[in-house]
A.B. asks: 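The structure that follows is given in the form of structure tokens.
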Amino acid sequence: MKLSNSHLLDLGKKYGLPLFVYDGALIADKYHRFKNAFSVDKLRINYACKALTNLSILRLMHKLGAGIDAVSIGEIKMAMEAGFPSSRILFTPNAVNDSEIESALELGVGINIDNLPSLEYFGKKYENFSCCVRVNPHIMAGGNANISVGHIDSKFGISIHQIKEVHKISEALNLKITGLHMHTGSDILEADTFIQASNILFDQAKQFKDLEFIDFGSGFKVKYHDSDYETDIENLGRVMSSRFNDFCREYGKTLELIFEPGKYLVSESGYFLTETNIVKRSPTTLFACINSGFNHLIRPMFYGSKHYIENASNPNGLKRVYDVVGYICETDTFAHKVQLSEVSKGDMLVFHNAGAYCFSMSSNYNSRERPAEVLIYEGADYLIRERERFKDLLVGQIVPEVLLD
């Protein structure tokens with residue numbers, strides 16, 4: 001159930017605007033729905049924490065039983081700070097230097113290698129080196145080009161046409177490949193895309209004798225409004241479970257099935273609450289100008305995401321067409337020509353689906369502070385990140401004495 005406008009208005013008054021709010025009950029519901037969709041002996045749900053790395057959200061994921069998909073040393077350390085053991089963290093970097101992977105190895109987490117030079121380098125450096133390999137299945141999938149990462153021109157993964165090289169390197173250096181991984185893109189609606197990619201990965205997996213798991217990544221489509229489409233997780237779970245169980249029988253060993261949902265788990269739980277600074281009319285456009293910009297929520301400008309926006313202060317007012325824009329000194333249009341209940345100065349506009357890649361991609365551009373974050377959990381609201389102040393922007397900055405004259 002969505003949080004009510006009255007509840008959100010109360011939170012806005014209590015904590016100030018702009019504000020990110022997350023519904024912990026919905027995160028738990030999404031986690032259990034995903035888990036219950038699959039019928040396999042070993043299933044691990046690794047939360048793709050780049051979607052939202054607040055420590056309280058990570059603690060909730062730990063409480064639910066998730067593992068972690070991390071893409072940086074910082075994310076690994078954040079996960080460990082939240083209580084995750086190294087055995088529950090898989091590090092999947094891309095285009096990083098050797099020292100970052102070495103740091104991850106020192107922390108004891110699982111390593112996912114996505115290129116031949118790194119595979120060879122670490123195989124030579126470490127005796128009995130063990131890792132997972134990220135395979136690029138050459139499938140175009142995802143909501144748009146910026147979030148499609150499994151096609152032939154993508155920088156991600158080792159091409160299926162280079163798997164023979166993986167075997168040559170592993171045999172020459174006595175490497176142990178314990179897992180195979182893929183991720184084709186985000187906002188994938190059809191289960192057929194996963195099935196197509198899984199067929200490719202299963203075919204490759206037959207050639208690796210030491211596998212302990214197969215990781216199918218993520219990319220599940222979520223709803224952005226009530227009438228929107230979403231990935232049918234239950235259907236995907238039935239089909240994938242059947243295929244995975246058949247493969248394990250053929251392989252002669254019970255492997256662990258891993259998925260890495262991020263947006264699927266947290267997107268719909270999030271609300272971004274903003275205040276209308278001014279309503280402005282040009283000869284052609286009516287603007288609702290809010291106290292935020294792409295420094296807080298960049299997704300609409302970055303790759304065209306469309307967040308449902310609601311006027312919580314006047315939900316039943318006369319509908320009018322607005323461009324919702326921010327206060328950044330470049331174009332920061334959140335939405336073009338959207339219908340909203342009539343907006344007045346001071347009204348609270350609510351952005352839905354603000355749980356994933358919103359705060360985590362925010363910045364201090366224009367020397368503006370980032371908002372506070374609040375978690376609703378078991379009926380109570382908790383401040384889980386303080387609103388930044390100007391002094392926070394100065395942290396780490398050093399002015400040489402020569403400039404202090």
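Not measured: the values here are computed from a predicted model. In this chain, residues are counted from 1 in sequence order.
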A.B. asks: Keeping H181 on the side-chain end and T92 on the backbone end, is there a donor-acceptor pair under 3.5 Å?
C.D. replies: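 No; zero donor-acceptor contacts below 3.5 Å.
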A.B. asks: Give me the atom names and distance for the closest heavy-atom approach of P371 to P18.
C.D. replies: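 Looking at all heavy atoms of both residues, the closest pair is CB-O, 3.4 Å.
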A.B. asks: Any idea which heavy atoms bring A356 and V266 closest together, and the distance?
C.D. replies: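 Shortest heavy-atom separation between A356 and V266 comes out as CB-CG2, 3.8 Å.
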A.B. asks: Side chains of N94 and D114: do they bring a donor and an acceptor to under 3.5 Å?
C.D. replies: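 There is such a pair between these side chains.
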A.B. asks: Are the ring centres of Y271 and H352 closer than 6.0 Å?
C.D. replies: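 Yes, the ring centres sit under 6.0 Å apart.
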A.B. asks: Is it the case that D323 and T333 place a side-chain donor and acceptor less than 3.5 Å from each other?
C.D. replies: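 No, because no side-chain N or O of D323 sits under 3.5 Å from a partner of the opposite role on T333.
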A.B. asks: Can you name the closest pair of heavy atoms from E388 and R370 and give their distance?
C.D. replies: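 Shortest heavy-atom contact: OE1-N, 2.8 Å.
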A.B. asks: With salt bridge (charged side-chain N to carboxylate O under 4.0 Å, His left out) as the criterion, how do R249 and D246 come out once you've worked through the C-alpha distance, each side chain's angles and the decisive distance to 0.1 Å?
C.D. replies: CA-CA 5 Å; R249 282 190 287 271; D246 287 344; 2.4 Å; yes
A.B. asks: Let me have the donor-acceptor pairs involving side chains of residues 79-90, under 3.5 Å, with sequence neighbours excluded, atom names and distances please.
C.D. replies:
unit_1: S86; atom_1: OG; unit_2: G108; atom_2: O; d: 3.4
unit_1: R88; atom_1: NH2; unit_2: G65; atom_2: O; d: 2.9

A.B. asks: What is the distance from atom CG of L43 to atom CG of L257, rounded to the nearest 0.5 Å?
C.D. replies: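 Separation between the atoms: 5.5 Å.
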A.B. asks: Check the pair N364, E369 against side chain to side chain donor-acceptor pair (under 3.5 Å), reporting the backbone distance first and the verdict last.
C.D. replies: CA-CA 6 Å; N364 294 122; E369 301 91 350; over 6 Å; no
A.B. asks: Report yes or no: does K223 contribute a side-chain atom to a donor-acceptor pair with the main-chain N or O of N353 at less than 3.5 Å?
C.D. replies: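 Here the side-chain-to-backbone pair does not exist.
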A.B. asks: Return each pair, listed once, that meets ring-ring contact (aromatic ring centres under 6.0 Å, His included) where at least one residue sits in residues 379-405; pairs must be two or more places apart or across chains.
C.D. replies: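 As it turns out, there is no ring-ring contact (aromatic ring centres under 6.0 Å, His included) pair with a partner in residues 379-405 once direct neighbours are skipped.
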A.B. asks: Check the pair E102, K125 against salt bridge (charged side-chain N to carboxylate O under 4.0 Å, His left out), reporting the backbone distance first and the verdict last.
C.D. replies: CA-CA 10 Å; E102 288 168 353; K125 183 164 184 175; 2.6 Å; yes
A.B. asks: Closer than 3.5 angstrom, by distance alone: can the side chain of S313 be matched with the main-chain N or O of M348 as a donor-acceptor pair?
C.D. replies: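 Yes.
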A.B. asks: Listing request: all salt bridge (Lys or Arg N to Asp or Glu O under 4.0 Å) pairs with a residue in residues 336-350, at least two apart in sequence or in separate chains.
C.D. replies: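 Sorted pair list: R320-E342.
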A.B. asks: Run the ring-ring contact (aromatic ring centres under 6.0 Å, His included) test on F20 and H296 for me, step by step, so that the C-alpha distance in whole Å, both residues' side-chain angles and the decisive distance to 0.1 Å come before the verdict.
C.D. replies: CA-CA 10 Å; F20 283 99; H296 295 157; 7.3 Å; no
A.B. asks: Would you sort out whether K50 and S360 count as a side chain to side chain contact (heavy atoms under 4.5 Å, CB included), showing the intermediate values?
C.D. replies: CA-CA 7 Å; K50 64 180 179 176; S360 66; over 6 Å; no
A.B. asks: Are F247 and F202 an aromatic pair by the rule of ring centers under 6.0 Å?
C.D. replies: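 Yes, ring centres under 6.0 Å apart.
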A.B. asks: Indicate the atoms forming the closest heavy-atom contact of C131 with I113, along with that distance.
C.D. replies: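 Taking every non-hydrogen atom into account, SG-CG1, 4.0 Å.
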A.B. asks: Is a salt bridge present between R44 and D215, judged by a nitrogen-to-oxygen distance below 4.0 Å?
C.D. replies: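 D215 and R44: not salt-bridged.
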A.B. asks: Quick one: do R33 and E230 make a salt bridge, cutoff under 4.0 Å?
C.D. replies: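 Salt bridge: yes.
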A.B. asks: May I ask you to decide if I290's main-chain N or O and T274's side chain share a donor-acceptor pair within less than 3.5 Å?
C.D. replies: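 Pair absent, no side-chain N/O of T274 close to backbone of I290.
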A.B. asks: Quick one: does T231's side chain have a donor or acceptor within less than 3.5 Å of a partner on K221's backbone?
C.D. replies: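 Yes: the side chain of T231 pairs with the backbone of K221.
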A.B. asks: Would you confirm whether N136, through its side chain, and F156, through its main-chain N or O, come within 3.5 Å as a donor-acceptor pair?
C.D. replies: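 Such a contact is found between N136 side chain and F156 backbone.
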A.B. asks: Run the side chain to side chain contact (heavy atoms under 4.5 Å, CB included) test on V395 and L393 for me, step by step, so that the C-alpha distance in whole Å, both residues' side-chain angles and the decisive distance to 0.1 Å come before the verdict.
C.D. replies: CA-CA 6 Å; V395 173; L393 305 185; over 6 Å; no
A.B. asks: Using the ring centroid of each side chain, check whether Y377 and Y22 are separated by less than 6.0 Å.
C.D. replies: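 Not under 6.0 Å, so no.
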A.B. asks: I'd like to know if E234 pairs up with R238 as an ion pair, taking the criterion as any Lys NZ or Arg NE/NH1/NH2 lying under 4.0 Å from an Asp or Glu carboxylate oxygen.
C.D. replies: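 No, E234 and R238 are not salt-bridged.
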A.B. asks: Under 3.5 Å, side chain of S159 to main-chain N/O of H161, donor-acceptor pair present?
C.D. replies: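 Checked: pair present.
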A.B. asks: Any salt bridge (Lys or Arg N to Asp or Glu O under 4.0 Å) pairs touching residues 13-30, not counting sequence neighbours?
C.D. replies: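 Pairs touching residues 13-30 that pass the test: K14-D381, K30-E268.
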A.B. asks: In this structure, is the centre-to-centre distance between the rings of H225 and Y308 below 6.0 Å?
C.D. replies: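 No, ring centres 6.0 Å or more apart.
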A.B. asks: Tell me, do H307 and P300 make a side-chain contact under 4.5 Å, heavy atoms counted?
C.D. replies: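 Yes - at least one pair of side-chain heavy atoms lies under 4.5 Å apart.
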A.B. asks: Determine, stepwise, if the pair E373 / L52 fulfils side chain to side chain contact (heavy atoms under 4.5 Å, CB included).
C.D. replies: CA-CA 11 Å; E373 293 178 288; L52 180 60; 3.7 Å; yes
A.B. asks: Looking at every non-hydrogen atom in both residues, tell me the closest pair between C49 and L58 and how far apart they are.
C.D. replies: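 Where C49 meets L58 most closely, the heavy atoms are CB-CD2, 3.8 Å.
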A.B. asks: Before giving the answer on side chain to side chain donor-acceptor pair (under 3.5 Å), spell out for Y365 and E330 the whole-Å C-alpha distance, their side-chain angles and the decisive distance to 0.1 Å.
C.D. replies: CA-CA 11 Å; Y365 188 56; E330 280 85 12; 2.9 Å; yes
A.B. asks: Got a donor-acceptor contact below 3.5 angstrom from the N115 side chain to the A95 backbone?
C.D. replies: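 Not at all, since once roles are kept as given, no pair shorter than 3.5 Å links the two residues.
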A.B. asks: Salt bridge between D226 and K2, side-chain N to carboxylate O under 4.0 Å?
C.D. replies: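 Between K2 and D226 there is a salt bridge, with a charged N closer than 4.0 Å to a carboxylate O.
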A.B. asks: Can you tell me how far apart CG (L201) and CG (N199) are? Round to the nearest 0.5 Å.
C.D. replies: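 One gets 10.0 Å once the value is rounded to the nearest 0.5 Å.
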A.B. asks: Which heavy atom of L64 sits nearest a heavy atom of Y31, and at what distance?
C.D. replies: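 Nearest heavy atoms, L64 then Y31: O-CE2, 3.2 Å.
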A.B. asks: By side chain to side chain contact (heavy atoms under 4.5 Å, CB included), which residues pair with H7, not counting sequence neighbours?
C.D. replies: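 Partners of H7 by the side chain to side chain contact (heavy atoms under 4.5 Å, CB included) criterion, ordered by chain and then number, come out as L3, S4, L11, I376.
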A.B. asks: How are the rings of F38 and F259 set relative to one another: parallel (under 30°), tilted (30 to 60°) or perpendicular (over 60°)?
C.D. replies: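 Ring orientation of F38 relative to F259: tilted.
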A.B. asks: For E75, check side chain to side chain donor-acceptor pair (under 3.5 Å) against everything at least two apart and list the hits.
C.D. replies: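 Scan of E75 (side chain to side chain donor-acceptor pair (under 3.5 Å), adjacent residues dropped) gives none.
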A.B. asks: Could you check whether any side-chain N or O of S241 sits under 3.5 Å from a backbone N or O of G237, counting only pairs where one atom can act as donor and the other as acceptor?
C.D. replies: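 Checking the backbone N and O of G237 against the side chain of S241, a donor-acceptor pair under 3.5 Å is found.
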A.B. asks: Kindly indicate, with the supporting measurements, whether the criterion side chain to side chain contact (heavy atoms under 4.5 Å, CB included) is fulfilled by F359 and N54.
C.D. replies: CA-CA 9 Å; F359 189 95; N54 185 288; over 6 Å; no
A.B. asks: Backbone N or O of G16 within a donor-acceptor pair of the R387 side chain at under 3.5 Å?
C.D. replies: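 Looks like yes, one N/O pair under 3.5 Å.
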